[in-house]
A.B. asks: 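What follows is a single structure, and I will ask about it in a moment.
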Amino acid sequence: MSLKSKVTGLILAGGRGTRMGRVDKGLQPFRGATLVEHVMRRLAPQTATVVINANRNLPQYQAVAGAAPVLPDYLDGFEGPLAGLQIGLQYCPTELLLTAPCDSPFLPEDLAERLYAAMLAQDTDVALAVTMESEDGAEPHRQTHPVFALLKASLLPQLDAYLDTGARRMESWFKSLRVAEVMFDQADAFRNINTLAELQQHERTPAPAATTVRAADPGALPVAEAQRIICERVAPVAATERLALRDALDRVLAEDIISPINVPAYDNSAMDGYALRSADLPPAGAPDATFKVIGIAYAGRPCAQVPQAGECIRIMTGAAIPPGCDSVLPQELAAHIGEDSVTIRHGAIRTGANRRFAGEDLKAGGIALAQGKIMRPADLGLVASLGIGEVAVRRKLRVAFFSTGDELRSLGEPLDDGCVYDSNRYTLFGMLTRLGCDVIDMGIVRDDPAALEAALLDACANADAILTSGGVSEGAADYTRDILGRIGDVAFWKLAMRPGRPLAFGQIRSVTDSAWLFGLPGNPVAVMVSFYLFARPALLRMMGTQATQQAMQARSTAAIRKRPGRTEYQRGIVSAGADGAPQVRLTGAQGSGILSSMTEANCIVVLHEAQADIAAGEMVEVLLFDGLI
Ligand SMILES: Nc1nc2c(c(=O)[nH]1)N[C@H]1C(S)=C(S)[C@@H](COP(=O)(O)OP(=O)(O)OC[C@H]3O[C@@H](n4cnc5c(N)ncnc54)[C@H](O)[C@@H]3O)O[C@H]1N2
Ligand code: MOO
Ligand SMILES: [Mg+2]
């Protein structure tokens, strides 16, 4: 299914146009058309249909929307973009909704594609555009553009609930969701035209180029684009197996776990104390009430006695709440404890206090864990709490890997002149094992076409995916390309990133088998960065789950040099600063072959394509290694 068919476009044209003198912004003439028509032209090629959210001049908007509907807000009173988004989500017939304001005639032609790639890679519900803005003389800063968003249509109930609270700010709502931010380097493309003066000014200036110009690396593919292509091509393995619960640790669930029971199965006490009927508690102004203790309830030994007015039951944590009781007084809150009585003051507890309800953790018939979940220790416990001892998981992935290069020597061999020990097979072994794959280490393959072809066909017969390192850059790999062309469809990419500029990706096929190939660059750090950004999300998808990337913002403790036009990944150490906020420093020399600065790192600092030099104190994005690298 193409991305386009999954996306409905929504042009937000429902505002009052206050800054434009209350004119209807979308209908303002601009370069021979109206603003909304320009936006329509940019969105239409990226989406299945485009609908317009407008609250005035509906016939004029209908003329632009054609067969698609024009949707006025469901909420009254020009409540802002979230109200427009709400009606858009209510209408949305596809899985995804892409929004853009009516006054952004230059929006990027690859907006949907790039937002979707990030949504997939980071497993989020929303993806937003971000740019680096530099106003005259000021330091460049990150600017998010919440009205340029790709959202899952399934978010509607969450938005309804948010609007019910009376809140209206888009940024605040997004803070409650999982959001991917995508850096675009065409700041102009997101510039909306707010005033009539700006409109006249733009009428004269040339339109920004629709496609990105990558000055640093012309022809290089953006990272998000490569991630999207890879994720769209690979699919989860179909085979599953049933395993005893403990053996399912770190495996991917192949079926939803439906709870056969309520957990807890019965109402029970959260405290050691006295179970009572709250109607018997003393009202305000009344003297303390003394209850008669008529029995004891233990966990596992319920008490069947039914307290009457003024009676209670001594109860232990976890014991079933006796019939007729609705609240538990913790024993330390009693005013006095007698031989077989307890005295309670007004206000000591609320009605319903310390009562844990049947099904409050999990409801019978509900989905306790969804398929695709990686089984962590908490998940094992949760499944055990349901009394389930076996689960279906996807079969493990088999991943073959080898290093290429005549200069490589294996451990135990003498290091001849001009040679290096093969380290990539060790980092790859570690990363693949951490990911939960069955690994097939195929050793070192010489720079020889026949040997390489034989190794690839051998790997293809035994593995779902093949990871190689080395031999993918410009000249030396020419014969590799020929082989791969013969036995598969493999593309060689130059990526707009560093390290990890060269990458080969595609499928190897023999008469009976096929396997995905990730031809990683040879430099030891490039291998790891390429694995993390491209192979890992793809392998996780094949395993039946989705990659999560733990991204966060941290303050850079020092200035960092950065060339605009490519994404740079630098090794860093993130820690809490003196004020408790996250800060990051680089680990030293950042050459693609320098592994020592990788071993010290706990994160990668991501310097986006459009970013230039970073000043000390500036916020940067970091990806946590998450125990993988
Ligand atoms: N003219 C150009 N040259 C290079 C380009 C380019 O665009 N134009 N790209 C550079 C970049 S960036 C990288 S990264 C490397 C990638 O090269 P290959 O994938 O062809 O890898 P090799 O040439 O085989 O090796 C590169 C480097 O890494 C060492 N290496 C390789 N395998 C291992 C291993 N298993 N363990 C330890 N070290 C390994 C190898 O000895 C080389 O030093 O190309 C640049 N050149
Ligand atoms: O990928 Mo290379 O390591 O960018 O130098
Ligand atoms: Mg090379």
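Just follow the structure's listing: the first ligand is 1, and inside any ligand the first atom is 1. All values below come from the heavy atoms of this structure, side chains included, with hydrogens, waters and symmetry mates left out.
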A.B. asks: Examine Pro524 against ligand 1 and note whether any of their N/O atoms are separated by less than 3.5 Å.
C.D. replies: no
A.B. asks: For ligand 2, indicate whether the residue Ser530 contacts it via side chain, backbone, both or neither (heavy-atom separation under 4.0 Å).
C.D. replies: neither
A.B. asks: Between Thr468 and Thr404, do the side chains contain an N or O donor and an N or O acceptor separated by less than 3.5 Å?
C.D. replies: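 No, Thr404 and Thr468 have no side-chain donor paired with an acceptor closer than 3.5 Å.
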A.B. asks: Measuring from non-hydrogen atoms of Ser423 to any atom of ligand 1, is the shortest distance under 4.0 Å?
C.D. replies: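 True for this residue.
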A.B. asks: Atom CD1 of Ile466 and atom CH2 of Trp516: how far apart are they, to the nearest 0.5 Å?
C.D. replies: 11.5 Å
A.B. asks: Kindly write out the residues that satisfy salt bridge (Lys or Arg N to Asp or Glu O under 4.0 Å) with Asp123, not counting sequence neighbours, or none if the list is empty.
C.D. replies: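 Result, salt bridge (Lys or Arg N to Asp or Glu O under 4.0 Å) vs Asp123: Arg178.
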A.B. asks: Which bit of Arg425 gets closer than 4.0 Å to ligand 1, counting heavy atoms only: side chain, backbone, both or neither?
C.D. replies: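 Near ligand 1, Arg425 shows nothing, with every heavy atom at 4.0 Å or more.
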A.B. asks: Is the distance between the ring centroids of Phe184 and Phe190 under 6.0 Å?
C.D. replies: yes
A.B. asks: Only heavy atoms count here, so choose which of Ser592, Gly593, Gly500 is nearest to atom 5 (O) of ligand 2.
C.D. replies: Ser592
A.B. asks: With heavy atoms of Arg498 as the reference, note each atom of ligand 2 found under 4.0 Å away.
C.D. replies: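 Contacts of ligand 2 toward Arg498, numbered from 1: 4 (O), 5 (O).
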A.B. asks: Please work out which of Asn523, Leu520, Val529, Val420 has its closest non-hydrogen atom nearest to atom 28 (O) of ligand 1.
C.D. replies: Asn523
A.B. asks: Taking the minimum heavy-atom distance to atom 40 (C) of ligand 1, which of Met497, Lys494, Glu407 ranks first?
C.D. replies: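 Heavy atom nearest to atom 40 (C) of ligand 1 belongs to Glu407.
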A.B. asks: For ligand 2, which atoms have a heavy atom of Pro499 less than 4.0 angstrom away?
C.D. replies: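 That gives atoms 1 (O), 3 (O), 4 (O) of ligand 2.
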A.B. asks: Only heavy atoms of Ala526, strictly under 4.0 Å: list the atoms of ligand 2 that pass.
C.D. replies: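 Numbered from 1, ligand 2 contributes 1 (O), 3 (O).
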A.B. asks: As a check for students: among Ser473, Ser592, Gly470, identify the option with a heavy atom nearest to atom 46 (N) of ligand 1.
C.D. replies: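 Heavy atom nearest to atom 46 (N) of ligand 1 belongs to Ser473.
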A.B. asks: Work out which heavy atom in Thr587 is nearest to a heavy atom in Glu600; give both atom names and the distance.
C.D. replies: O-OE1, 3.5 Å
A.B. asks: Does Gly471 have a heavy atom less than 4.0 Å from any atom of ligand 1?
C.D. replies: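 Yes, Gly471 has heavy atoms under 4.0 Å from ligand 1.
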A.B. asks: Atom 25 (O) of ligand 1: which of Gly522, Gly519, Ser469 has the nearest heavy atom?
C.D. replies: Gly522
A.B. asks: Quick check: does Arg501 get an N/O under 3.5 Å from an N/O on ligand 1?
C.D. replies: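 Between Arg501 and ligand 1 (N or O atoms, distance only) the closest approach is under 3.5 Å.
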A.B. asks: Distance only, no hydrogens: is a donor on one side chain within 3.5 Å (strictly under) of an acceptor on the other, for Arg509 and Ser514?
C.D. replies: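 Checked: Arg509/Ser514 side chains show no N/O donor-acceptor pair below 3.5 Å.
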A.B. asks: Against heavy atoms of Pro502, which atoms of ligand 2 measure under 4.0 Å?
C.D. replies: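 What qualifies from ligand 2 is 1 (O).
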